K.L.:
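Structure below; questions to follow.
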Number of protein chains: 2
Amino acid sequence: MTFKDPSHQDVMTIREMCDAYDVTPRTLRFYEAKELLMPIRQGTRRLYTRRDRARLALILRGKRFGFSLEDIRQTLDLYDRESGNVVQLQRTWILAQERLEAMRAQRAELDIAIDELQRELEASTPLLAAVAKAAE
Amino acid sequence: MTFKDPSHQDVMTIREMCDAYDVTPRTLRFYEAKELLMPIRQGTRRLYTRRDRARLALILRGKRFGFSLEDIRQTLDLYDRESGNVVQLQRTWILAQERLEAMRAQRAELDIAIDELQRELEASTPLLAAVAKAAE
DNA sequence: AGCGTGCTTGACGTTAAGGTAAGCGTAACG
DNA sequence: CGTTACGCTTACCTTAACGTCAAGCACGCT
């Protein structure tokens, strides 16, 4: 029968992860040291599960928005169920709430900046064209 | 006559700048070293003009979006007229164009992330409430 | 003349997020 | 059985963006 190779049951090696997410091994080990990922070990080797992959995706996205790894680590737990005690869970919830607000604010400001830069570009386009023609 | 004090003609000291924009002197000097600002000198002291203030505002906003100072420096010139030769101007224009694209992409992703986090928060709210009640 | 206050330069420290290199283990390949 | 490939750890290096601290001008006041 050609079922899934059971030795490969839904986990990935570090190389596969790197190729899939375009990061280096160093980065994955670093995230692990910072307790953002906790791959299982088979002997000494790391094996990344579905959960690790989900977390990595969230981490990378968080980074793209300029959040620090520490910031990210603290919100990450919200995406896992059953994490810790009630107080900790509430704290996480509040943090996430704040993060959401921050993102909304960022989005608003981004809108303005986009608008402004666009106007600036449009305004300078004819000038640029004129100068380019004059230089010919 | 109580016109504007001519000795203060629209320029600010470093302290005033710091208070107005909530940055440290070190930061302003650092930006100057990196050629993002060029305040005029009155003896050894720095005096910041209208133009410097406009640039600083742009710098700070750029930073909030996660752009590096070097990135920012390169686009900044677009907001000034009469900057350099044609080739340089074209290069700046292209850079700005790319930056605009980057910002649009960032906004799109940000929208998704906001949505996702919001859903996650909404989904976990009842759970949190239940747990909190059970712990009482 | 002395003093305090603000500003200056310069040098060194710090933090985040990795890069890079050295040395070892092991597993598969030919 | 040697070597090639991949993985592991440890340790040091790097860059950006400032912080911090020292030492020295330049005033305005008394």
Side-chain angles (χ1 to χ4, degrees), chain A residues 5-8 11-49 52-53 55-76 95 99 102, chain B residues 5-8 11-49 52-53 55-76 95 99 102:
Chain A
D5 178 357
S7 72
H8 191 288
V11 298
M12 290 170 64
T13 74
I14 201 169
R15 258 287 102 220
E16 291 167 340
M17 288 291 280
C18 292
D19 294 348
Y21 292 89
D22 194 34
V23 293
T24 69
R26 178 65 169 98
T27 299
L28 293 180
R29 297 193 193 108
F30 182 73
Y31 289 171
E32 185 177 347
K34 292 284 171 131
E35 301 186 293
L36 286 137
L37 297 178
M38 308 104 115
I40 54 180
R41 294 303 186 101
Q42 162 179 285
T44 169
R45 314 269 158 104
R46 290 165 172 83
L47 289 180
Y48 296 87
T49 67
D52 292 314
R53 274 167 273 156
R55 291 176 74 99
L56 181 54
L58 288 169
I59 294 167
L60 295 178
R61 202 174 54 195
K63 286 208 51 185
R64 266 173 266 135
F65 303 143
F67 293 119
S68 73
L69 292 182
E70 180 52 24
D71 277 358
I72 294 169
R73 195 181 61 76
Q74 301 199 1
T75 340
L76 221 45
L95 273 172
R99 177 113 339 124
Chain B
D5 178 356
S7 74
H8 191 289
V11 297
M12 291 170 65
T13 75
I14 201 169
R15 256 291 98 220
E16 292 168 341
M17 287 291 281
C18 291
D19 294 349
Y21 292 90
D22 194 35
V23 293
T24 70
R26 178 63 171 100
T27 300
L28 293 179
R29 298 194 192 106
F30 182 74
Y31 290 171
E32 186 177 348
K34 292 283 169 136
E35 302 186 289
L36 286 134
L37 297 178
M38 308 104 116
I40 55 181
R41 294 301 187 101
Q42 163 179 282
T44 166
R45 316 265 157 111
R46 290 164 172 84
L47 290 179
Y48 296 86
T49 67
D52 291 315
R53 274 167 273 156
R55 291 177 73 97
L56 181 54
L58 288 169
I59 293 167
L60 296 178
R61 203 176 53 196
K63 287 207 51 188
R64 267 173 263 132
F65 303 144
F67 293 119
S68 73
L69 291 182
E70 179 53 24
D71 277 358
I72 294 170
R73 195 182 61 76
Q74 301 202 357
T75 338
L76 221 44
L95 273 173
R99 176 110 344 120

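Bear in mind the structure is a predicted one, so any value in this text is a computation, not a measurement. Chain A is the first sequence line, chain B the second, and so forth, proteins listed ahead of strands; every chain is numbered from 1.
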K.L.:
So which nucleotide from C/dT9, C/dG19, D/dG19 ends up closest to the side chain of B/Arg41?
P.N.:
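The answer is C/dT9, which lies nearest to the side chain.
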
K.L.:
Counting heavy atoms from C-beta on, name the nucleotide in D/dC18, D/dG7, C/dA17 closest to the side chain of A/Ile14.
P.N.:
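Out of D/dC18, D/dG7, C/dA17, the nucleotide with an atom closest to A/Ile14's side chain is D/dG7.
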
K.L.:
Could you tell me the separation between the CD atom of A/Gln42 and the C1' atom of D/dC8, rounded to a whole number of Å?
P.N.:
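Computing the A/Gln42:CD to D/dC8:C1' distance gives 14 Å.
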
K.L.:
At less than 4.0 Å, is any side-chain N or O atom of A/Thr27 found next to OP1 or OP2 of C/dG19? Yes or no.
P.N.:
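For A/Thr27, the contact criterion (side-chain N or O under 4.0 Å from OP1 or OP2 of C/dG19) is met.
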
K.L.:
In whole angstrom, give the distance that lies between atom CD of A/Glu70 and atom C1' of C/dG18.
P.N.:
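Taking atom C1' of C/dG18 as the reference, CD of A/Glu70 is at 16 Å.
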
K.L.:
With no hydrogens and no angle check, is any side-chain donor or acceptor of B/Asp52 less than 3.5 Å from a backbone partner on B/Thr49?
P.N.:
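Yes; at least one donor-acceptor contact below 3.5 Å.
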
K.L.:
To the nearest Å, give me how far apart CG (B/Leu36) and P (D/dA16) are.
P.N.:
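Checked: the CG to P distance equals 13 Å.
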
K.L.:
Tell me the interatomic distance from A/Arg46, atom CZ, to C/dG25, atom P, rounded to whole angstroms.
P.N.:
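Nearest whole value for this atom pair: 17 Å.
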
K.L.:
Please indicate whether B/Glu70 has more than 12 foreign heavy atoms, meaning atoms of other residues, nucleotides or ligands, lying under 6.0 Å from its CD.
P.N.:
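Result for CD/B/Glu70: enclosed.
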
K.L.:
Side-chain N or O of A/Lys63 versus OP1/OP2 of C/dG18: is the shortest distance under 4.0 Å?
P.N.:
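Yes, because at least one side-chain N or O of A/Lys63 sits under 4.0 Å from OP1 or OP2 of C/dG18.
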
K.L.:
Rounded to whole angstroms, how far apart are CZ on B/Phe30 and C1' on D/dT15?
P.N.:
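Going from CZ in B/Phe30 over to C1' in D/dT15 covers 10 Å.
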
K.L.:
Counting only side-chain N and O atoms of B/Arg29, is one of them less than 4.0 Å from OP1 or OP2 of D/dG19?
P.N.:
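Answer is no, no contact under 4.0 Å.
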
K.L.:
Please determine whether a side-chain nitrogen or oxygen atom of B/Arg73 lies at a distance below 4.0 Å from atom OP1 or OP2 of D/dA17.
P.N.:
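Looking at the OP1 and OP2 atoms of D/dA17, neither is under 4.0 Å from any side-chain N or O of B/Arg73.
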
K.L.:
Report yes if at least one side-chain N or O of B/Thr13 is closer than 4.0 Å to OP1 or OP2 of C/dG6; otherwise report no.
P.N.:
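False: B/Thr13 side-chain N/O out of range (4.0 Å or more) of C/dG6 OP1/OP2.
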
K.L.:
Return no unless some side-chain N or O of A/Tyr31 is found under 4.0 Å from OP1 or OP2 of C/dG18.
P.N.:
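Result: yes.
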
K.L.:
Do the side-chain N or O atoms of A/Lys34 get closer than 4.0 angstrom to the phosphate oxygens (OP1, OP2) of C/dG18?
P.N.:
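So the side chain of A/Lys34 is outside the cut-off, no N or O lying under 4.0 Å from OP1 or OP2 of C/dG18.
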
K.L.:
Do A/Arg53 and A/Met12 make a side-chain contact, defined as non-hydrogen atoms from C-beta onward lying under 4.5 Å apart?
P.N.:
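Contact flag for A/Arg53/A/Met12 side chains = yes.
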
K.L.:
Assess whether a salt bridge exists between B/Glu32 and B/Arg29, defined as any Lys/Arg side-chain N lying under 4.0 Å from an Asp/Glu carboxylate O.
P.N.:
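Salt bridge absent between B/Glu32 and B/Arg29.
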
K.L.:
Does B/Arg45 contact C/dT8 through a side-chain donor or acceptor facing the base, at a distance under 3.5 Å?
P.N.:
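No pair found.
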
K.L.:
Given atom CD of A/Glu32 and atom P of D/dG7, what is their separation to the nearest angstrom?
P.N.:
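My rounded result for the distance is 14 Å.
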
K.L.:
Roughly, in whole Å, what's the span from CG in B/Leu28 to P in D/dA17?
P.N.:
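Taking atom P of D/dA17 as the reference, CG of B/Leu28 is at 15 Å.
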
K.L.:
Check whether any side-chain heavy atom of B/Tyr48 sits under 4.5 Å from a side-chain heavy atom of B/Leu56, and report yes or no.
P.N.:
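No; the side chains remain at least 4.5 Å from each other.
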
K.L.:
Would you say D/dG19 has OP1 or OP2 under 4.0 Å from some side-chain N or O of B/Thr24?
P.N.:
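The answer is yes; a side-chain N or O of B/Thr24 sits under 4.0 Å from OP1 or OP2.
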
K.L.:
Mark yes or no for a side-chain to base donor-acceptor pair under 3.5 Å between B/Arg26 and D/dG19, with no hydrogen or angle criteria applied.
P.N.:
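Present.
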
K.L.:
What is the distance from CD1 of A/Ile40 to P of D/dC8, rounded to the nearest Å?
P.N.:
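Distance check: A/Ile40 CD1 to D/dC8 P gives 13 Å.
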
